[in-house]
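Here is the structure we will look at.
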Amino acid sequence: MDHSAHHTIPTHDHATHEGHHGHSDHAVPDGGHGGASWAMAAKATLHCLTGCAIGEILGMVIGTALMWGNVPTMVLAITLAFVFGYSFTLFAVRRAGLDLKTAIKVALAADTVSIAVMELVDNGIIALTPGAMDAHLSDGLFWSALLGGFAVAFLITTPVNKWMIGRGKGHAVVHAYH
């Protein structure tokens, strides 16, 4: 008995997908990285950085305003960075029609490494900048360490994302749902 007519699974035609919704840079060949362009990696990193930055800044502002110690402030900032970072992807894939359970799996697969690298770099810079963790919200040192950390995190995370996307990991997982 032939059941093939009853079990057709739609496939993702990447060739048709190119140029759709600004994703024309998906298949740009580049040095053996499976079509991952620097532009695509930068977009993925910027997407991730936006969510992370919102959470990170909110956590740092809350912890600093409440005069919490360095450790609780960083824990809150990192937690919120992951929450906001994941939520950007989660909302996007939910809008594409994924059920909540699948959307959570996609967001975790897409963003975990990127957010972790970004948070490690950013918080490392903040922690290693003398006086930054003790600076007040009105202090330029607070903001320069925080924003400088984001800039360095972007520069370090972009090649990581390029490598992952080129191997079908990280943000590449989300592209199947655009």
Side-chain angles (χ1 to χ4, degrees), residues 22 25 36-96 98 100 102-167 169-175 177-178:
D25 58 353
S37 70
W38 282 106
M40 184 167 60
K43 286 179 188 176
T45 305
L46 188 58
H47 176 266
C48 187
L49 179 64
T50 302
C52 288
I54 291 169
E56 182 87 19
I57 290 170
L58 186 59
M60 289 290 184
V61 167
I62 291 169
T64 302
L66 296 176
M67 293 189 276
W68 288 359
N70 293 345
V71 172
T73 298
M74 282 189 124
V75 167
L76 177 63
I78 292 167
T79 300
L80 291 177
F82 272 91
V83 168
F84 279 88
Y86 286 138
S87 69
F88 274 38
T89 299
L90 183 65
F91 291 133
V93 295
R94 287 283 290 148
R95 268 195 316 263
L98 269 79
L100 183 60
T102 304
I104 290 170
K105 288 179 183 179
V106 168
L108 292 173
D111 294 333
T112 299
V113 172
S114 183
I115 295 172
V117 170
M118 211 167 288
E119 287 305 299
L120 180 67
V121 172
D122 180 50
N123 284 283
I125 288 171
I126 293 168
L128 295 174
T129 301
M133 286 301 296
D134 297 322
H136 296 281
L137 295 175
S138 60
D139 192 339
L141 178 61
F142 173 86
W143 294 103
S144 64
L146 187 61
L147 298 177
F150 290 147
V152 173
F154 177 83
L155 293 174
I156 291 174
T157 307
T158 299
V160 171
N161 281 333
K162 184 179 187 313
W163 181 82
M164 289 180 58
I165 292 166
R167 282 148 187 79
K169 308 287 184 201
H171 196 76
V173 175
V174 174
H175 291 175
Y177 302 103
H178 285 236

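Residue numbers run from 1 in the order of the sequence given.
Here I78 contributes atom CD1 and I115 contributes atom CD1; the two are 12.0 Å apart, rounded to the nearest 0.5 Å. Taken from CG in L90 to CZ in R95, the straight-line distance is 10.5 Å, to the nearest 0.5 Å. Atom-to-atom distance recorded for M74:CE and E56:CD is 7.0 Å, nearest 0.5 angstrom. Taking CG of N161 as the reference point, atom SG of C48 lies at 6.5 Å (rounded to 0.5 Å). With values rounded to the nearest 0.5 angstrom, I156 atom CD1 is found 11.5 Å from T45 atom OG1. A distance of 10.0 Å separates OG in S144 from CD1 in I126, rounded to the nearest 0.5 Å.
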Just do the side chain to side chain contact (heavy atoms under 4.5 Å, CB included) check on T158 and L46 with the steps written out, would you? CA-CA 9 Å; T158 299; L46 188 58; over 6 Å; no
Should Y86 and F82 be marked as a ring pair (Phe, Tyr, Trp, His ring centres under 6.0 Å) after you check the CA-CA gap, both sets of side-chain angles, and the distance that decides it? CA-CA 6 Å; Y86 286 138; F82 272 91; 5.8 Å; yes
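Between A110 and T89, the shortest heavy-atom distance links the atoms CB-CG2, 4.3 Å. The minimum heavy-atom distance between T73 and G69, with the atom names listed, is OG1-O, 2.8 Å. What you find for I165 and A44 is that their closest heavy atoms are CD1-CB, 3.9 Å. Shown here for L76 and G63, the closest heavy-atom pair between the two residues is CD2-N, 4.4 Å. Across all non-hydrogen atoms, the minimal contact from L137 to A65 is CD1-CB, 4.2 Å. The heavy-atom pair separating A77 from E119 by the smallest distance is O-OE1, 4.4 Å.
Considering only heavy atoms from C-beta on, D122 stays 4.5 Å or farther from V152 through its side chain. Side-chain contact check for I57 versus F150: some heavy-atom pair is nearer than 4.5 Å. Within the 4.5 Å cutoff, the side chain of L146 has heavy atoms near those of the W143 side chain.
Screening M118, M60, M133 for a side-chain contact (heavy atoms from CB on, under 4.5 Å) with N123, the sole residue that qualifies is M60. Of the listed residues (V117, L49, L120), just one forms a side-chain contact (heavy atoms from CB on, under 4.5 Å) with T157, and that residue is V117.
By the side chain to side chain contact (heavy atoms under 4.5 Å, CB included) test, F88 is found to be paired with H47, T50, I54, residues two or more places apart in sequence or in another chain being considered.
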